[in-house]
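Values in this document were obtained by computation on a predicted structure and should not be read as measured data. In each ligand, atom 1 is the first atom listed, and ligand 1 is the first ligand listed.
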Amino acid sequence: MAQALRLPVEQRYPEEFAALRANDKDPKPPGWRMSPRTVETFILGSQGKALEYEEDGETRSCVIDKKFYGDDVLVQRAIVTMASDRGLLLVGEPGTAKSWLSEHLAAAVAGDSLLAIQGSAGITEDQIKYSWNYALLLAEGPSKRALVPAPLYLGMRDGKIVRFEEITRAPHEVQDTLLSCMSDKVLVIPELAGSDGVVLAQRGFNIIGTANTRDRGVNEMSSALKRRFNFETVPPVEDLNEEIRIVRGQVKNLLEGTGSDDTEFPNEVMELLVTTFHEIRSGRTMDGIKVDQASSVMSTAEAVSVGFHSALFASFFGKKKVEPEHVVINLAGAAVKENRDDVKVLRNYWDVAVKPRANKELGLWKAYFKARKYLR
Ligand SMILES: Nc1ncnc2c1ncn2[C@@H]1O[C@H](COP(=O)(O)OP(=O)(O)O)[C@@H](O)[C@H]1O
Ligand SMILES: [Mg+2]
């Protein structure tokens with residue numbers, strides 16, 4: 001049987017959505033699938049509380065998982081912006097869950113997270129608004145039938161959320177095609193006459209953009225476009241234990257359906273992995289010792305990736321239990337990307353942070369230290 005590698009958010013949590021819908025008593029903004037409070041619960045979780053719902057004549061219950069860790073008020077403000085006349089722009093370092101949050105918001109608010117545009121240097125206006133089926137265009141001239149809608153067209157027509165990923169990577173003139181759609185809430189198709197040539201945005205329509213501070217900056221967005229967005233800066237996770245929880249949860253999700261989900265990932269090994277990312281990212285250990293910082297992003301998303309690889313490694317070539325050395329073996333690929341000097345950063349970390357802990361015989365740090373031979 002064929003299996004999707006990754007389901008869109010709106011299909012990933014059927015029980016949660018059923019439970020949330022059944023318990024959603026608050027009014028919904030026009031065009032929304034859920035009330036703002038329920039969107040919030042979907043993203044921040046029900047804090048262990050089970051929500052009851054009926055299915056197939058049975059009463060069931062479901063606890064809503066926490067999906068986003070960090071500032072709860074940031075999430076609430078984001079939800080408010082979604083209901084306003086401005087777009088939402090999530091800004092921050094790579095790997096801070098901007099795309100993740102935007103997918104979850106779009107799925108909860110509009111029931112559809114797939115209306116997505118990927119910003120790139122080569123993107124054109126017709127990938128955002130609409131293009132034409134050229135065979136039909138030549139045969140019949142411009143007609144509604146010959147028009148091929150792109151995400152912005154569909155989002156406006158159907159009152160849904162459009163996601164614009166890495167918006168600042170798109171050329172200015174392409175970014176600015178959003179202007180009239182965002183302020184006048186109308187998309188004009190000059191080739192078509194009459195009402196076919198005008199798409200009026202329906203209630204529920206809005207745009208969530210994401211922008212990485214490491215790419216071409218947000219400063220390079222035109223000020224006209226900036227005015228049409230509310231900005232939210234998404235910071236890296238500050239709390240180590242929270243980050244461990246995120247990485248553990250994500251690695252478990254990634255392993256599902258791979259055939260390696262029975263691999264054991266001991267908490268202590270997970271701690272080594274996440275502590276390494278956390279400390280190199282902040283340039284300081286928990287005990288206040290300075291460590292070198294890498295030019296690559298030591299983000300939570302990268303930690304998730306190393307965790308996943310380590311688990312697969314343990315499953316394929318180990319004893320189905322992740323050992324400290326599996327983490328080290330898979331670390332360099334994530335930490336050393338554009339700059340070979342980042343290997344030195346890792347070695348420095350092993351000398352300055354790992355060694356003292358190994359000498360004190362703390363937990364698995366000794367085994368972690370021994371595995372430094374893989375840092376080449
Ligand atoms: N604060 C956070 N809460 C939940 N998950 C997070 C958080 N920060 C990072 N992650 C995890 O890391 C990944 C972030 O990836 P992504 O959303 O693609 O980052 P970005 O778009 O900011 O570059 C997600 O899969 C998510 O699981
Ligand atoms: Mg992203």
- Item | For atom 3 (N) of ligand 1, the protein heavy atom that lies nearest, with its residue and separation | Tyr69 N, 2.9 Å

- So which protein heavy atom does atom 23 (O) of ligand 1 come closest to, and at what separation? Gly95 N, 2.7 Å

- Query: Side chain or backbone of Gln250 under 4.0 Å from ligand 1, or both, or neither, by non-hydrogen atoms?
  - Reply: side chain

- Query: For residues Ser295 and Asp342, is any side-chain donor paired with an opposing acceptor at under 3.5 Å?
  - Reply: yes

- Task: With heavy atoms only and a cut-off of under 4.0 Å, state how Ile246 meets ligand 1: side chain, backbone, both or neither.
- Result: side chain

- Query: Can you tell me which residue and heavy atom of the protein come closest to atom 4 (C) of ligand 1, and the distance to 0.1 Å?
  - Reply: Lys67 O, 3.3 Å

- Note on the structure: protein heavy-atom neighbour closest to atom 17 (O) of ligand 1 works out as Trp100 N, 2.9 Å

- Arg284 side chain reached by Glu279 side chain, heavy atoms, under 4.5 Å: no

- Cation over ring, Lys226 on Phe229, under 6.0 Å and within 45°? no

- Task: Among all protein heavy atoms, pick the one closest to atom 7 (C) of ligand 1 and tell me residue, atom and distance.
- Result: Ala97 CB, 3.4 Å

- Message: Tell me whether Glu165 has any N or O atom under 3.5 angstrom from an N or O of ligand 1.
- Response: no

- salt bridge (Lys or Arg N to Asp or Glu O under 4.0 Å) between Arg357 and Asp287: does it pass, once the steps are laid out? CA-CA 11 Å; Arg357 289 169 184 157; Asp287 327 304; 3.5 Å; yes

- Measure from atom 13 (C) of ligand 1 to every heavy atom in Pro236, Gly70, Ala301, Ala303 and give the option owning the shortest one. Ala301

- Item | Salt bridge flag under 4.0 Å for residues Glu52 and Arg60 | no

- Task: Would you mind checking which non-hydrogen protein atom is closest to atom 21 (O) of ligand 1, with the distance to 0.1 Å?
- Result: Ser99 OG, 2.7 Å

- Task: To the nearest 0.5 angstrom, please state how far the CD1 atom of Ile329 sits from the CZ atom of Phe317.
- Result: 10.0 Å

- Near Pro94, which atoms of ligand 1 are under 4.0 Å from a heavy atom of that residue? 23 (O)

- Task: Indicate yes or no: at least one non-hydrogen side-chain atom of Val162 is less than 4.5 angstrom from one of Ile117.
- Result: yes

- Before giving the answer on side-chain hydrogen bond (donor to acceptor under 3.5 Å, both in side chains), spell out for Thr276 and Tyr368 the whole-Å C-alpha distance, their side-chain angles and the decisive distance to 0.1 Å. CA-CA 11 Å; Thr276 303; Tyr368 204 42; 2.8 Å; yes

- Item | Pair Ser35-Thr38, side-chain donor/acceptor within less than 3.5 Å | yes

- Message: Any N/O/S atom from Ser99 (main chain or side chain) under 2.8 Å of the Mg ion (ligand 2)?
- Response: yes

- Message: Using heavy-atom distances only, which candidate in His104, Lys98, Glu243, Glu242 approaches atom 22 (O) of ligand 1 most closely?
- Response: Lys98

